[in-house]
*Asks:* 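Next up is a structure, given as structure tokens.
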Amino acid sequence: MVDLRRDELERRSRHDPAAVESQLFERWEAAGLFRADPHSGRPSYVIALPPPNVTGELHMGHALNGSIQDSLIRLARMRGRETLWICGTDHASIAVHAVIEKQLRAEGTTRFEVGRDAFIERVWEWRSETGARIIQQFKRLGCALDYEHERFTMDEGYVQAVLEMFVRLYDKQLIYRDNRIVNWCPGCGSTVSDLEVRYEHAADALFEVRYPIKGSDEHITVATVRPETILADTAVAVHPDDDRYRHLVGGIAIVPIVNREVPIIADEYVKMDFGTGALKITPGHDPNDFEIGRRHGLSELSVIGFDGRMNDQAGEFAGMAAGEARQKVVDRLFADGLLRGEQPYEHEVGHCDRSGDRIEPLISLQWFMQMDELAAAANAEVRSGRVRFIPTSQENTYFHWMDNIRSWCVSRQLWWGHQIPVWYCQDGHSTAATSAPAACGQCGSTELERDPDVLDTWFSSALWPFATLGWPEQTDRLEAFYPGNALVTARDIINLWVARMLMMGIEFMGEIPFTDVYITSIIQAADGRRMSKSLGTGINPLDLIERYGADATRYGLLKMSSTQDVRFAEGMIDEGAKLANKLWNASRFVLLQADASVEPAAVAVRGEDRWILSRLEGTGAEVLRLIDAYDFAGAVKLLYALIWNDFCDWYVEAAKSRLYGDDDQARRDVTATLLWVLERILALAHPLLPFVTEEIWSFMPGRSGLLMASAMPEWQAGMCDPALEHAAQNDMDVVSAARRIANEGQAPSVIVTPDTLFRMLLPKTANVSLDVHAPSASAAAAAPDPELIRGELADATAELERARAKLANEGFIARAPAVLVEAERDKVRRFEALVADLTRRLEQR
RNA sequence: GGGCGAUUAGCUCAGCGGGAGAGCGCCCGCUUCACACGCGGGAGGUCGCUGGUUCGAUCCCAGCAUCGCCCACCA
């Protein structure tokens, strides 16, 4: 059995992720390691996965999030926490709705033709396919999610939670219905929230239009980019301090074309230095004008309908698209001699984030949520530091939004989503309830009709951290796993999602849902553009996993996640693949050297042993510190240096002289240390590179069980470091201590020294030799055949020459840790002795 | 308009007060018994620009330029 595994090790000279990763994942799953036990009594560590939309494939952002969260989760588990990573997907109301509507259009039909029930049924089919695919992709990445409790924001229990939340907020009068101006997307046929409006540059024209003054020959000239809304004007406004117009305030202006008499009002909103200083007020079609209108009690007229076309109120323009009407209105103004000027005007215009259509601000009867009290409570938690953003600078985004928060329009004229739990009777009374009420709460009428609208997707997302645990039921899981610890997401949904989870967590659970909000980088395409499917700049993480392996993909993504925007660099994934292979092969070497009777142990007999142990402990402590500080790029970089440079380049190479030497005890000692170091490296690397480490672990002699379930070792930074020890004993700093050791002429086996320290010590160590691969002295000496001796001698002489060439190269010596240079001196001496011995034997023959 | 961030080797990025670095790419040499996804050697940077602070600045401060992202109700 053991021999079979040796054979396997010898055979597999290359790490092949595709051949092992899926089996390893199955072993973790079979061992139940993704589950969390609410009754274990151990302190918990909980992260809720930002639920991906069931719109399609996993993208690079998900893969990055997944890599980060999985590292945190695995580390927490190894540290003994009861660890839960909440798993699930989001119904993504408007986004999925748009996908299905597009499909229907392609089939030559519409949702209205197929009907609500058939439409919803179709969405569920879509969701069962995509949802499963997305979860499968997380598995390929190695994510230790709690797959058994996968949730969906539209599953039965979740729907109840959403309705419960709505009704409670309704009862507190934080949710109310009102006729207000909203962002209307004609393409979606629905309202969208402020955060779903994207501003795009538009080259329009700014028109100056003369409004006659009643009872006067005067005119007042306003500037507008939307002449078609003139038809809905209900006032003209000027600044109260504007001397040019002061005499007109209180007068009546006559709206062109419709000849409506409207008041001239004074409002401080108007900028005196913009346009003409006079502003036409159209409460029905402009959010600012709406506010001004409400302040002054103006009537609210609408001339543009929900279809984006001019309505019956628009007279001769009725039926035209707004853009078409604009030109016609301008023509008419020109004909009437009321168009005073026109100039090119560039500005930002709101477009729907989903459909790309131009947003039409319209007055509409919608459900709103009062946000200011909720926001104040959430802000207090961030201001006090109980909730912290990493990096801190991202708090600006949060506060900027929260400090200026406005009511949230939560109703959407869509079918896919949580239908608003409000029933209306014939008299228009509203009754909110978590299930269909028998009668109107006010008049007792039994003829009730449910509000057809659904809720904004983010309404349900806001409850994710506790609705997934069973809320509003008081479940064991809710008790054990709320509040959670960290939230990992990108900054584009800080306000859409993070802020709202904080508010709802406080409101419904009385406690913040997490303390750490880690804002990840956003990975751009290699050319610097945004990575998106529509631009064709997206890269499927699954392709990377297939080509490089999951460890490599995770490594690369973590390494890229340093600044807030980073360009995708496939080279970093490749680096990860090479590191995994390097670790595999170094491990293979160590394991194949290992005698079954040798136990891993830190046997610090020589300088290089002390050196590697020190590097290991110091790096281990630092890597964990960096992960705890959410510096994954830094952690991965250090791990790379530890594995490749310290362990493989130096220690394994230095160990060879003992492994291939005559001294049996020395061989056993160094093997024990190699195993010890390897084992600890595997544990350290596991949260970051779970697959390859678990695979190697399965070959460790005398280690049963899974690495994933093993304990993370304690790390003792400073172990085996004479400089540190000296510094501690003599109460001095490390650099001074190291300098003193060197000055005293001792072997400067300085361990955790920075590079500068090595340089400082170089003059004392530059004249020594380096390790070379000496042939076994005993083997050569025992060889009776002169030809064999001649061959060995030739090899040995060549090696010696190479060694001397290296020694002549200062650059090479500068790169070698001083301690290793020093420690290898005697070895080279032995090597020279070997050449002399072989020469003598040859002469004797 | 406001906020955040970036500008360091051909490329992607670390470094952030005294030595300019990594990976990839490039050049030279190696089928050295863990690894050619490797080993050894090497070329290649006035650290965006201008000032300031400092004994000393890629690193701190100010301004400018270019790029990116987020937020934003001047018609």
Side-chain angles (χ1 to χ4, degrees), chain A residues 9-10 12-15 181 194-195 197 199 206-207 222-226 229 237 269-282 286-292 345 347-348 350 361 391 393-401 404 406 490-495 519 521-522 524 526 528-530 548 552 556 559-560 562-572 574-593 633-634 637 640-641 644-645 648-649 652-653 656 660 754-756 758-760 772-773 775 795 798-799 802 805-806 809 811-812 814:
Chain A
L9 268 182
E10 281 179 19
R12 288 167 53 184
S13 63
R14 190 165 175 167
H15 174 55
I181 197 151
D194 292 342
L195 289 170
V197 177
Y199 287 86
L206 187 63
F207 299 94
V222 304
T224 180
V225 289
R226 301 203 62 190
T229 63
Y269 169 79
V270 182
K271 306 280 181 294
M272 286 190 279
D273 56 359
F274 186 89
T276 62
L279 177 63
K280 72 185 207 61
I281 301 298
T282 320
D286 184 284
N288 305 314
D289 294 4
F290 178 82
E291 295 299 330
I292 294 170
Y345 184 63
H347 62 151
E348 303 293 311
S393 60
Q394 294 301 332
E395 288 178 3
N396 288 327
T397 308
Y398 169 86
F399 283 128
H400 185 252
W401 168 255
N404 299 292
R406 295 183 292 167
R491 66 182 179 286
D492 52 355
I493 53 175
I494 287 175
N495 299 322
I519 302 300
S521 309
I522 289 179
Q524 300 171 333
R529 288 187 295 169
R530 204 181 159 72
Y548 295 98
K559 182 137 190 219
M560 277 178 248
S562 47
T563 49
Q564 69 176 22
D565 301 303
V566 66
R567 292 186 178 201
F568 180 75
E570 193 160 323
M572 291 191 182
D574 190 43
E575 191 179 313
K578 287 178 173 171
L579 179 63
N581 183 59
K582 188 74 174 176
L583 181 59
W584 167 254
N585 272 299
S587 306
R588 203 164 66 96
F589 174 74
V590 170
L591 292 166
L592 285 170
Q593 296 302 323
K637 190 177 158 71
Y640 182 97
W644 202 299
N645 304 125
C648 295
D649 286 353
V652 171
E653 291 305 323
K656 282 176 181 173
Y660 297 147
D755 289 348
T756 47
F758 282 134
R759 273 202 311 284
M760 189 180 74
V772 289
H773 300 177
D795 288 350
E799 288 290 330
R802 274 159 65 165
K806 279 185 190 173
N809 185 318
F812 184 80

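If you're wondering where the values come from, they're calculated on a predicted model, not measured in any experiment. These numbers come from the heavy atoms of this one structure, side chains and all, not from hydrogens, waters or symmetry mates.
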*Asks:* Listed by chain and number, what are the ring pair (Phe, Tyr, Trp, His ring centres under 6.0 Å) partners of A/W644, not counting sequence neighbours?
*Replies:* A/Y640
*Asks:* Less than 4.5 Å apart, side chain to side chain, heavy atoms only: is that true for A/D289 and A/I181?
*Replies:* no
*Asks:* Where the side chain of A/R588 is defined as all heavy atoms beyond and including C-beta, which of B/A75, B/A34, B/G5 is the nearest nucleotide?
*Replies:* B/A34
*Asks:* Roughly how far apart are A/D194 CG and A/R406 CZ, rounded to 0.5 Å?
*Replies:* 4.5 Å
*Asks:* Compare the minimum distances between each of B/G5, B/A34, B/C69 and the side chain of A/S393, then state the nucleotide with the smallest one.
*Replies:* B/G5
*Asks:* Taking only the C1' atom of each, what is the distance from B/U58 to B/A43 in whole angstrom?
*Replies:* 22 Å
*Asks:* List the residues meeting salt bridge (Lys or Arg N to Asp or Glu O under 4.0 Å) with A/K582, not counting sequence neighbours, and say none if there are none.
*Replies:* none
*Asks:* In Å, rounded to the nearest 0.5 Å, how long is the span from CG of A/D565 to CD of A/Q524?
*Replies:* 4.5 Å
*Asks:* Which of these nucleotides, B/A75, B/G68, B/G3, is closest to any side-chain atom of A/Y345?
*Replies:* B/A75
*Asks:* If you check every side-chain atom of A/N288, which of B/G3, B/C73, B/G5 has the closest atom?
*Replies:* B/C73
*Asks:* So, are A/K656 and A/E653 salt-bridged, with charged N and O less than 4.0 Å apart?
*Replies:* yes
*Asks:* Give me the distance, rounded to whole Å, that separates B/A20 from B/U8 when you measure between the C1' atoms they each carry.
*Replies:* 8 Å
*Asks:* Between the protein and nucleotides 10-14 of chain B, list the N/O to N/O atom pairs that are separated by less than 3.5 angstrom.
*Replies:*
from  : atom 1 : to     : atom 2 : distance (Å)
B/U12 : OP1    : A/R567 : NH1    : 3.3
B/C13 : OP1    : A/R567 : N      : 2.5
B/C13 : O3'    : A/S562 : OG     : 3.4
B/A14 : OP1    : A/S562 : OG     : 2.2

*Asks:* Under 4.0 Å, heavy atoms only, any strand: does A/W401 hit a base, just the sugar-phosphate, or nothing?
*Replies:* sugar-phosphate
*Asks:* Do A/E653 and B/A34 share a donor-acceptor pair, side chain to base, under 3.5 Å?
*Replies:* yes
*Asks:* Tell me which nucleotide among B/A34, B/A75, B/C70 gets nearest to the side chain of A/T397.
*Replies:* B/C70
*Asks:* Measure from CG on A/D492 to P on B/A72 and round the result to the nearest Å.
*Replies:* 13 Å
*Asks:* Checking contacts here: which listed nucleotide (B/A34, B/A75, B/G68) is nearest the side-chain heavy atoms of A/K582?
*Replies:* B/A34
*Asks:* For A/N585, check side-chain hydrogen bond (donor to acceptor under 3.5 Å, both in side chains) against everything at least two apart and list the hits.
*Replies:* A/N581, A/R588
*Asks:* Taking the P atom of each, how far is B/C49 from B/C39, in whole Å?
*Replies:* 36 Å
*Asks:* I'd like the P distance from B/A9 over to B/G21, given in whole Å.
*Replies:* 14 Å
*Asks:* Which nucleotide wins on minimum distance to the side chain of A/Y640, given the candidates B/G23, B/A75, B/G38?
*Replies:* B/G23
*Asks:* Is a side-chain donor or acceptor of A/T224 paired with a backbone partner of A/F207 at a separation under 3.5 angstrom?
*Replies:* no
*Asks:* Can you tell me how far C1' of B/C73 sits from CZ of A/F274, to the nearest Å?
*Replies:* 13 Å
*Asks:* Would you classify A/E348 as touching base, sugar-phosphate or nothing, given that sugar-phosphate means primed atoms plus P, OP1 and OP2, and contacts are heavy atoms under 4.0 Å?
*Replies:* base
*Asks:* In whole Å, I'd like the distance from the CD atom of A/E570 to the P atom of B/G25.
*Replies:* 12 Å
*Asks:* Whole angstroms only, please: what is the CG-P distance between A/L9 and B/C35?
*Replies:* 13 Å
*Asks:* Identify all stems in which RNA chain B takes part, counting only runs of at least 3 consecutive pairs (Watson-Crick or G-U wobble, each distance under 3.5 Å), and give each as one range with another, ordered by first number.
*Replies:* B:1-7 with B:65-71, B:10-13 with B:21-24, B:26-30 with B:38-42, B:48-52 with B:60-64
*Asks:* How far does the P atom of B/C27 sit from the matching atom of B/G10, given to the nearest Å?
*Replies:* 16 Å
*Asks:* Take atom C1' in B/G5 and the same atom in B/C16, then report the distance between them in whole Å.
*Replies:* 16 Å
*Asks:* Please state how far atom CD in A/E291 lies from atom P in B/C74, giving the value in whole angstrom units.
*Replies:* 13 Å
*Asks:* When you compare the side chain of A/Y269 with that of A/L279, does any pair of heavy atoms fall below 4.5 Å?
*Replies:* yes
*Asks:* When the P atoms of B/G15 and B/G1 are considered, how many whole Å apart are they?
*Replies:* 32 Å
*Asks:* Rounded to whole angstrom units, what separation is found between the CD atom of A/Q524 and the C1' atom of B/C69?
*Replies:* 7 Å
*Asks:* Within this structure, what is the CD1-CD1 distance for the pair A/I281 and A/I292, rounded to the nearest 0.5 Å?
*Replies:* 4.0 Å
*Asks:* With respect to the side chain of A/Y660, which nucleotide from B/A34, B/G68, B/C70 is positioned closest?
*Replies:* B/A34
*Asks:* Any idea which of B/A75, B/C69, B/A34 is nearest the A/C648 side chain?
*Replies:* B/A34
*Asks:* Write down the distance between CG (A/L579) and P (B/G23), rounded to a whole number of angstrom.
*Replies:* 12 Å
*Asks:* Kindly say if A/R491 contacts the phosphate of B/C71, meaning a side-chain N or O under 4.0 Å from OP1 or OP2.
*Replies:* no
*Asks:* Partners of A/K280 by side-chain hydrogen bond (donor to acceptor under 3.5 Å, both in side chains), sequence neighbours excluded?
*Replies:* A/T229, A/D233, A/T282
*Asks:* Between B/C35, B/G68, B/A75, spot the one nearest the side chain of A/S13, thanks.
*Replies:* B/C35
*Asks:* Contact class for A/Y269 (heavy atom, under 4.0 Å): base, sugar-phosphate, or nothing?
*Replies:* base
*Asks:* With a 4.5 Å heavy-atom cut-off, do A/L9 and A/F589 have their side chains touching?
*Replies:* no
*Asks:* Between the base of B/C24 and the side chain of A/E575, is one N or O donor paired with an acceptor at under 3.5 angstrom?
*Replies:* no
*Asks:* Students often mix this up, so state it plainly: with edges at 30° and 60°, are the rings of A/F274 and A/Y345 parallel, tilted or perpendicular?
*Replies:* perpendicular
*Asks:* Contact class for A/D649 (heavy atom, under 4.0 Å): base, sugar-phosphate, or nothing?
*Replies:* sugar-phosphate
*Asks:* With P as the reference atom in both, quote the distance from B/C61 to B/C71 in angstrom, rounded to an integer.
*Replies:* 27 Å
*Asks:* If each of A/K280 and A/W644 is mapped to the nucleotide of RNA chain B with the nearest heavy atom, which maps nearer the 5' terminus, i.e. the 5' end?
*Replies:* A/W644
*Asks:* In whole angstroms, how far is the P atom of B/G38 from the CH2 atom of A/W584?
*Replies:* 17 Å
*Asks:* So which one's nearest nucleotide on RNA chain B is more toward 5', A/Y199 or A/F589?
*Replies:* A/F589
